[in-house]
Amino acid sequence: MTPVRRAALWLGMALAAALALIVVFLLSSWVGSSIARNGDWQEPDNGITIMIETNGVHTAIVMPLISPQKDWREEFPASDLERPDWPYTHVSVSWGEREVFLNTPQWTDLTPSTALGAIIGGDALLHVAHYANPAPSPNHRELRITPAEYARLITAIERSTTPHETRQSYPGYSWYDVFYDTPGTYHFANTCNQWTSDMLAEAGIKTGLWTPLAGGVMKWVPEPPGS
């Protein structure tokens, strides 16, 4: 076999292996996200309304900025934003890989090296956006939970925060968001979407077991009526 044919053979085998890994990942993520945690949970008639939001790739948890259970201004003050004077009513919190967050304001900015680094593993950041009266939509789905469940959700999210006095912050994508240092390591088995479902699961809310992709989280949150 000539060197050229040998190289072509090895390249073909490498591509086939990569394709097989992608298929296995997608299949396992579909299966894993279809296995329920807190399978007997039901949405209460009354309670606190949160939102699960997505851009199709990434998910976040949207909560009232101020409630009897929590004043998020203590962890996430508006003074960290470019527009601290806006009448914010809600805060959106998500967790993700540091380099992806900081270097990909648009998904077209994602480079192969950044993507590979996220797959292998990297430091994490917390992304916090402040909203004023966000409206429900297919990408911002409301979820009603009990005060006790919300208290557990708060406790879970608080473990991803660090003291405001000592943490480093980084400019967000716009005037209403910011990034913060956070504990944890991001990798292909522990993604931003897995963080979202883990927070919901700790609160006792029904969600998928393994949700590396956004669809695995959103399949458990009904779309608004008429959407």
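Nothing fancy with the numbering, it's 1 onward along the sequence. Any value given below was found using the heavy atoms of this structure, including those in side chains, with hydrogens, waters and symmetry copies removed. Please read all numbers here as calculations on a predicted model, not as lab measurements.
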> Does E158 come within less than 4.0 Å of K70, counting only side-chain N to carboxylate O?
Replying inline: yes

>> Under 4.0 Å between a side-chain nitrogen and a carboxylate oxygen: does that hold for D198 and R37?
In response: yes

> Between H127 and F101, does the ring centre distance come in under 6.0 Å?
Replying inline: yes

>> So if I apply the side chain to side chain contact (heavy atoms under 4.5 Å, CB included) rule between T59 and each of L213, N139, T196, which one comes out positive?
In response: T196

>> Please check: side-chain N/O of E149 versus main-chain N/O of T146, any donor-acceptor pairing under 3.5 Å?
In response: yes

>> Quick one: does any side-chain atom of S92 pair with a main-chain N or O of V128 as donor and acceptor, under 3.5 Å?
In response: no

> Under the 3.5 angstrom rule, does the side chain of D177 hit a backbone N or O of S174 as a donor-acceptor pair?
Replying inline: yes

> Under 30°, 30 to 60°, or over 60°: which ring-plane class applies to Y88 and W175, parallel, tilted or perpendicular?
Replying inline: tilted

>> Is it the case that over 12 heavy atoms from other parts of the model lie below 6.0 angstrom from the OH atom of Y176?
In response: no

> Ion pair present between R152 and E202, side-chain N to carboxylate O less than 4.0 angstrom?
Replying inline: no

> Which is it for T211 and K219 under the side-chain hydrogen bond (donor to acceptor under 3.5 Å, both in side chains) test, yes or no, and what are the steps along the way?
Replying inline: CA-CA 10 Å; T211 59; K219 68 166 59 173; over 6 Å; no

> Minimum heavy-atom separation for P134 to M51, with atom names?
Replying inline: O-CE, 3.3 Å

> Under 6.0 Å from the CG atom of D85, do we count more than 12 heavy atoms belonging to anything else shown?
Replying inline: yes

>> Test your reading of the model: is there a side-chain donor-acceptor pair from N190 to the backbone of Y186, 3.5 Å cut-off?
In response: no

> By side chain to side chain contact (heavy atoms under 4.5 Å, CB included), which residues pair with Q168, not counting sequence neighbours?
Replying inline: Y170, D181

